[in-house]
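Computation of the quantities below employed the complete heavy-atom set of this structure, encompassing side-chain atoms and omitting hydrogens, waters and symmetry-equivalent molecules. All of these numbers come straight from a predicted model, not from anything done at the bench. Reminder, nothing fancy here: chain letters follow the sequence lines and each chain counts from 1.
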Amino acid sequence: MVTAEANENVTVRLEDDTTLTLDFGSTVSDLLGQADKKLIRSVIAAEVNGDEKDLSYVLKNGDKVKLIEAASERGRHILRHSTAHVMAQAVTSLWPGAYFAIGPAIEDGFYYDFSLPDGKHFTEADIEKIEEAMRKIIAEKQPFTREEHEIDAALHLFGAQPFKTEIIENIAVADASKGEFSAEASPESLTVTAYRNSDAFVDLCRGPHVPHTGALGHFKLLKVAGAYWRGDEKRQQLQRIYGTAFESDKMLAEHINRLAEAERRDHRKLGLELDLFSFPDEIGSGLAVFHPKGGLIRKTMEDYSRMRHEEEGYQFVYSPHITKGDLFEISGHLNWFGENIFPPMEIDGETKYYLKPMNCPFHILIFRSKQRSYRELPLKLFEFGTVYRYEKSGVVHGLTRVRGMTQDDSHIFCTREQMTEELKSILTFVLDLLREFGLSDFYLELSTRPEAKAVGSDLEWEEATKALHDTAEAMDIPLVLDEGGGAFYGPKISVQAKDAIGRTWQMSTVQLDFQLPQRFDLSYVGSDNAKHRPVMIHRALFGTVERFFGVLLEHYAGALPTWLAPVQVKILPIRDTHESYCQRVKQLLAEEGIRVDYVQAKEPLSARIRQAKLEKTPYVLAVGDEDVAGGTVGVNLRGAKDPIRAVPLESFIAKIKEDIRGHWINPTQGFVTEDSVDVQKQGTTPEARDNHSDL
RNA sequence: GCCGGUGUGGCGCAGUUGGUAGCGCAGGCGAUUUGUAAUCGUCAGGUCGUGGGUUCGAGUCCCUCCACCGGCUCCA
């Protein structure tokens, strides 16, 4: 193969540092054939000198080539993006004249935004039709052919596509002014690239793509949704179709399975099934009531939180739910946060009272109620403060996005010198508390000054942001930046926790505030006998009790750790004749503060076992003749396959107390049985579940 | 708020081209006394989200509002 002419060969270097010499004009595909025949099937693109390229890319001498297999994160990304193209092609074939906007790959899938002609809209039912058309395109193995066009030519080519035209025009403008490139622009010159599958379909795109549509096929369209053009709610509303694609049917099936699993652990569903809370229509959207069992869980959470706050030196305060508008005028909330405040009630004709959207002004008034000394600082005021926020109708979502919520809110008044130390201790406190509730997968987010709405000087914002940043960085968990996401009065650190569906929820927030102390003219007397301005730190650890409750439910799939479970033990007699012994067991457990139910033998044992397990009771005790005789109980651990018979009562009590005290994630944790090991491996622990949902 | 979808007894669902509602589970009662994921029988329960319209007649068709679901925008 090697010719005498050196300049007719190209030598490229592969990832493993081996080199390969190929004929001049060879493509990545040719390279595959020479390197390893198996790669022809598995590799769909390549990274050449750091840039992603198609397999049709013509290699140059000295190119460094990294192969991208379909079965990799980057490979799937390309697969999904190519599948999005095919979807757009299918849609334009089914709805001639359809406009297509953008269609990127996203985590776990892809989408494409469309606008159909004549005011038509997609329906869920159209998904199947589109999938069918896509399968036809895939069966035809249409090549993805790369084309380069100068701006004018591209504008002509996409003349019938207003969204594409806008993108191209933006590229031209950006190029002219700054030399910046958008995703579709070629860095070499003022050209754009497009990919053509057939005469009927060409799409503006930077690539790379799979070589032909036949390399696709393991996909599924998931849902139709609305989306604004360029994410701007003032612009045109488009229709978005979401889908996903994988390198194999097996991987696709696993993903679909994960989605179903996520649905099973949806806190709204669990809340109904386990009788924990509801949202009666009569009350209004986003306003929850907690039923006895949910109330018990909530109370346990709150009691624990109170205990921990006491240990941390917080003082408990209470404040009303409504206030005259003046308070929120001074604080600036009416101005900056007004659209989230419920309309006022008018009293005596003119005085306006508002439902409070935040607790801070109330705590400020408590601080200001008397002359404060530096000796009192840091002053840490805590309250489970219920606030009401007007949320747009479309955003309300179970317990995680509500209109009435209770924050585990605290405001810390301290000196500027104490600020850093306080921030550090708060962050440690937050992370400890979250871990005590069994959450472990989180990261920190630093939200900086909002561009449009913020009060205070640049200097103050800078100092506050730096203090938060330095503290966050010292915490040894990932920190990401959220530019412009702060509150109007200060920057914030939030703790983001991942839920079962893989969504991250903003839970705890810590905000540093120089503004409200000024607005309310707060002061303390220092050791120098002069007045000084305190700094305020706003913080909520759960975030809100409601959201935290919902996230915990999903995290545990309803199988709450024993210490949080509304019913911790169910005692089932085999026959009625075992009742008196069972009642004694019940009393002994209750005396230990354990929440225990007795279930009469009105139904077969297996029916009662089933019921108890459906309710996700951590410990189900079956008690029969041998137990009465031996002073034992038969223990069914939640999550274990088989019961443990004849456990001495004292040893059971010791174990469950240990469980509750230790906040075990699962009751099987401390019982050394043959299955308990299996159970942990099977993914009943939150750790295992998280791994499951991360993909 | 916007786009699309949905709304039938506590829950999950059926209800054919418009002819005045069914099933399973749960619940009440009775029987069954059961060693590990559903014992049997029986009874009760719905002005079909709301208000209006079309029609001789509407759960079924049209409109309004409300709520929920999936997203977008926004957020604890």
### Message
Can you say whether a donor on the side chain of A/Asp627 sits under 3.5 Å from an acceptor on the base of B/G35, or the other way round?
### Response
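In this structure, the two groups form a donor-acceptor pair.
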### Query
Counting only distance, no hydrogens or angles, is the base of B/A76 paired donor-acceptor with the side chain of A/Glu391 under 3.5 Å?
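Yes, a donor-acceptor pair under 3.5 Å.
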### Query
Any idea which of B/A38, B/U33, B/A76 is nearest the A/Arg575 side chain?
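The closest nucleotide is B/U33.
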### Message
Please pick, from B/A76, B/A67, B/U36, the nucleotide with the shortest atom-to-atom distance to any side-chain atom of A/Thr509.
### Response
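Nearest to the side-chain atoms of A/Thr509, counting from C-beta on, is B/A76.
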Look at all strands and tell whether [X] reaches a base, only sugar-phosphate, or nothing, counting heavy atoms closer than 4.0 Å.
X: A/Ala607; answer: sugar-phosphate
X: A/Arg401; answer: base
X: A/Glu546; answer: nothing
X: A/Gly485; answer: nothing
X: A/Leu272; answer: sugar-phosphate
X: A/Lys120; answer: nothing
X: A/Ala227; answer: sugar-phosphate
X: A/Glu603; answer: base
X: A/Asp576; answer: base

Taking the same atom, [atom1], in [N] and in [M], what whole-Å distance lies between them?
N: B/U47; M: B/G4; atom1: P; answer: 32 Å
N: B/U50; M: B/C68; atom1: C1'; answer: 15 Å
N: B/G1; M: B/C65; atom1: C1'; answer: 16 Å

### Message
If you define the side chain from C-beta out and look only at heavy atoms, does anything of A/Arg608 sit under 4.5 Å from A/Leu605?
### Response
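With C-beta onward as the side chain, the pair touches.
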[N] pairs with, by Watson-Crick or G-U criteria that keep both distances under 3.5 Å:
N: B/G46; answer: none
N: B/C56; answer: B/G19
N: B/C2; answer: B/G71

### Task
Take the protein atom CZ of A/Arg403 and the nucleotide atom P of B/A76, then report the distance between them rounded to whole Å.
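Rounding to the nearest Å, CZ of A/Arg403 and P of B/A76 are 16 Å apart.
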### Query
To the nearest angstrom, how far is A/Leu572 atom CG from B/A38 atom P?
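Answer to the nearest Å: 14 Å.
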Could you tell me if [Y] and [X] have a donor-acceptor pair between their side chains, going purely by distance under 3.5 Å?
X: A/His291; Y: A/Ser278; answer: yes
X: A/Thr509; Y: A/Ser494; answer: no
X: A/Gln407; Y: A/Asn359; answer: yes

Any side-chain N or O of [X] under 4.0 Å from OP1/OP2 of [N]?
X: A/Lys613; N: B/A37; answer: no
X: A/Tyr242; N: B/C72; answer: yes
X: A/His121; N: B/G5; answer: no
X: A/Ser393; N: B/G1; answer: yes
X: A/Lys234; N: B/G1; answer: no

### Query
A/Tyr354 and A/His333: aromatic ring centres closer than 6.0 Å?
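No: the rings miss the under 6.0 Å criterion.
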### Query
Does the gap between the ring centers of A/Phe114 and A/Phe122 come in under 6.0 Å?
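That pair passes the under 6.0 Å test.
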